[in-house]
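Reading through the structure tokens given below for one structure.
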Amino acid sequence: MIRIGRRTALALPALILTRRAEAQGAPSSYPQGYATVVADAEREGNLLIYSIMSAENWRPVLEGFGRRYPKVKVETLDLPNSREVFERYLAERGTNSRTADLLATADPSGWIEFQQRDEVMPYESPEAAAWPAWSKPWPGVYTVSADPLVFIFNKMLVPEAQQPRSFAQFAALAQENRTRWRNKLTSYGAHNGGFGYSANFGFVQKHGDQAWEWFRQIAPAQPRWERSGGPMTEKVTSGEYAAGWFVSAITFWPRLNDPARARVLGWNFIEDGQLVILRGMAIPKAARNVNAAKLMLDYIASAEGQQAFGRGGLTPARPDIRPGEGIRHTFSSISEAVGGEKNIAFIDYNPAILEQYQSFLDRWKQAYGVS
């Protein structure tokens with residue numbers, strides 16, 4: 001039994017009121033003038049977000065935001081691909097139509113082009129000090145999540161001794177098993193879309209010529225290329241593929257909640273170059289409800305908002321967030337698992353990802369023998 005003394009009992013009502021006040025309003029640590037932002041957002045009354053996240057990803061975030069700011073109604077339009085987030089906004093801005101107040105998507109090249117168009121509203125969040133430089137590439141652009149791309153494999157087809165933990169090991173295994181694994185390896189094709197291109201570019205950015213040599217070692221196994229993590233996971237589960245690399249973990253991990261799948265499917269981080277894709281967010285300059293957008297951006301950047309997205313299936317990027325309570329991994333736990341940030345390969349906002357597109361793609365096709 002927990003004993004509550006008189007002094008504690010007298011303090012409880014005040015503590016409860018304080019927590020209720022914080023639940024409905026900005027944290028007390030925010031600048032005094034932030035109350036004006038809240039009041040203006042409540043007058044705006046609603047918020048429109050364009051993203052590529054699902055309703056299940058958003059659910060814990062919207063629940064938490066709703067408790068804090070119940071007078072602001074939020075609508076999320078979840079678009080089918082990362083590029084469409086920008087294209088839809090720009091088309092609507094061009095016709096002076098109602099458009100998004102906040103954009104959230106994993107598309108480094110798209111964000112670079114958007115910034116070059118001068119479409120990002122500069123904004124200094126009260127949460128900015130908690131975030132490292134790599135997560136804030138330009139004023140007003142912040143990180144939603146840092147989602148890893150991992151090895152996956154069918155444990156019935158790939159014995160434990162051959163379940164890869166580093167890319168160097170994986171390339172060597174692909175050479176040793178090139179006959180047995182022919183047409184049974186899979187990944188995102190750099191030629192099949194922006195996500196695959198960005199993943200391969202990020203890995204080469206980390207390893208340089210060594211990455212190209214590894215790609216050439218894998219090529220004789222004649223990998224098969226997919227456009228998304230769902231088909232990769234399904235085909236590895238069925239045994240059509242033995243293994244995959246650079247597979248989106250946030251697509252793969254939920255499948256492990258099924259015990260039958262978990263008996264078949266295995267995965268590992270890439271210890272010598274763990275790819276993480278930075279999912280960005282920003283308020284665009286054509287936003288109508290700017291104050292409501294600030295509230296949401298700040299909430300997502302907060303510890304509470306990061307934990308909420310973690311429960312929704314994304315990978316919290318804020319360094320002080322740890323796994324647990326429905327969160328499988330965070331950026332910090334991934335970094336620790338692979339031996340530190342030195343072994344992280346960021347899919348980030350290097351302008352070379354645009355400038356070198358054709359030459360990189362040509363070299364990638366040559367390395368893998370893709371026509």
Side-chain angles (χ1 to χ4, degrees), residues 11-49 51 53 57-76 100-104 120-146 278-285 287-312 314 316-322 325 327 330-332:
L12 279 175
L15 180 62
I16 291 168
L17 287 172
T18 299
R19 286 179 176 171
R20 283 178 181 168
E22 287 188 357
Q24 291 193 2
S28 58
S29 59
Y30 280 18
Q32 188 173 0
Y34 200 83
T36 302
V37 177
V38 176
D40 289 345
E42 290 176 346
R43 278 192 289 273
E44 291 167 352
N46 60 77
L47 171 65
L48 176 60
I49 304 173
S51 85
M53 285 89 90
N57 295 145
W58 276 108
R59 182 185 53 76
V61 177
L62 299 184
E63 289 174 355
F65 182 85
R67 286 191 295 270
R68 186 175 286 188
Y69 306 112
K71 296 180 181 179
V72 180
K73 293 184 172 66
V74 183
E75 178 186 357
T76 62
D101 303 306
L102 185 69
L103 306 180
V120 173
M121 181 178 294
Y123 173 59
E124 180 74 13
S125 171
E127 300 287 348
W131 289 81
W134 55 257
S135 69
K136 304 174 291 187
W138 306 286
V141 177
Y142 293 86
T143 297
V144 176
S145 62
L278 303 184
R279 192 180 301 261
M281 64 176 169
I283 304 167
K285 285 192 172 178
R288 182 177 299 174
N289 297 326
V290 172
N291 294 287
K294 289 178 180 179
L295 296 190
M296 180 59 82
L297 185 151
D298 296 337
Y299 181 73
I300 293 171
S302 73
E304 181 182 322
Q306 285 287 286
Q307 289 165 341
F309 256 137
R311 293 192 301 276
L314 302 187
R318 183 169 157 140
D320 57 351
I321 306 303
R322 306 296 304 174
E325 298 182 3
I327 302 172
T330 69
F331 175 78
S332 293

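Positions are given from 1, in the same order as the sequence printed here.
- Although no hydrogens or angles enter the test, the distance criterion places a donor-acceptor pair under 3.5 Å between the side chain of Y142 and the main chain of S125.
- Across all non-hydrogen atoms, the minimal contact from V72 to A41 is CG2-O, 3.8 Å.
- Using modelled atom types and a 3.5 Å distance limit, the side chains of D298 and Y30 yield no donor-acceptor pair.
- Between N46 and E75, every side-chain heavy-atom pair lies at or beyond the 4.5 Å cut-off.
- With values rounded to the nearest 0.5 angstrom, R279 atom CZ is found 7.0 Å from N57 atom CG.
- With hydrogens and angles ignored, the 3.5 Å screen pairs a side-chain donor or acceptor of S332 with a backbone N or O of P319.
- R67 CZ to E304 CD: the interatomic distance, rounded to the nearest 0.5 Å, is 6.5 Å.
- A distance of 12.0 Å separates CZ of R318 from OG1 of T330, quoted to the nearest 0.5 Å.
- Atoms CD1 and CG, on I49 and L62 in that order, are 6.5 Å from each other to the nearest 0.5 Å.
- Annotation: side chain of V61 is not in contact with side chain of M53 (no heavy-atom distance under 4.5 Å).
- M121 has its side chain within reach of V290: a pair of non-hydrogen atoms, C-beta onward, lies under 4.5 Å apart.
- Annotation: side chain of V37 is in contact with side chain of L295 (closest heavy-atom distance under 4.5 Å).
- Of all the heavy atoms in A128 and E124, the pair that sits closest is CB-OE2, 3.5 Å.
- Closest heavy-atom contact between T143 and M281: O-CE, 4.1 Å.
- A tilted orientation is assigned to the rings of F331 and W134, their planes being inclined by 30° to 60°.
- For the residue pair N289 and D101, the shortest heavy atom distance occurs at N-OD1, 2.9 Å.
- Atom NZ of K71 sits in a sparse spot, with 12 or fewer heavy atoms from other residues, nucleotides or ligands closer than 6.0 Å.
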I'd like to know whether V74 forms a side chain to side chain contact (heavy atoms under 4.5 Å, CB included) with F65, so could you lay out the CA-CA distance, the side-chain angles of the two residues, the decisive distance to 0.1 Å, and finally the verdict. CA-CA 9 Å; V74 183; F65 182 85; 3.6 Å; yes
Apply the test side chain to side chain donor-acceptor pair (under 3.5 Å) to residues W58 and S51: give CA-CA distance (whole Å), side-chain angles for both, the deciding distance (0.1 Å), then the verdict. CA-CA 10 Å; W58 276 108; S51 85; 3.0 Å; yes
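- When every heavy atom of I321 is checked against every heavy atom of P316, the shortest pair comes out as CG2-CB, 3.9 Å.
- Heavy-atom minimum distance, L47 versus M296: CD2-CB, 3.5 Å.
- No donor-acceptor contact under 3.5 angstrom links the side chains of E127 and Y299, judged on distance only.
- Q307 CD to S302 OG: the interatomic distance, rounded to the nearest 0.5 Å, is 8.0 Å.
- Looking at W131, its side chain never comes within 3.5 Å of a backbone N or O of K136 through a donor-acceptor pair.
- Counting heavy atoms from C-beta outward, P31 and P126 have side chains that approach closer than 4.5 Å.
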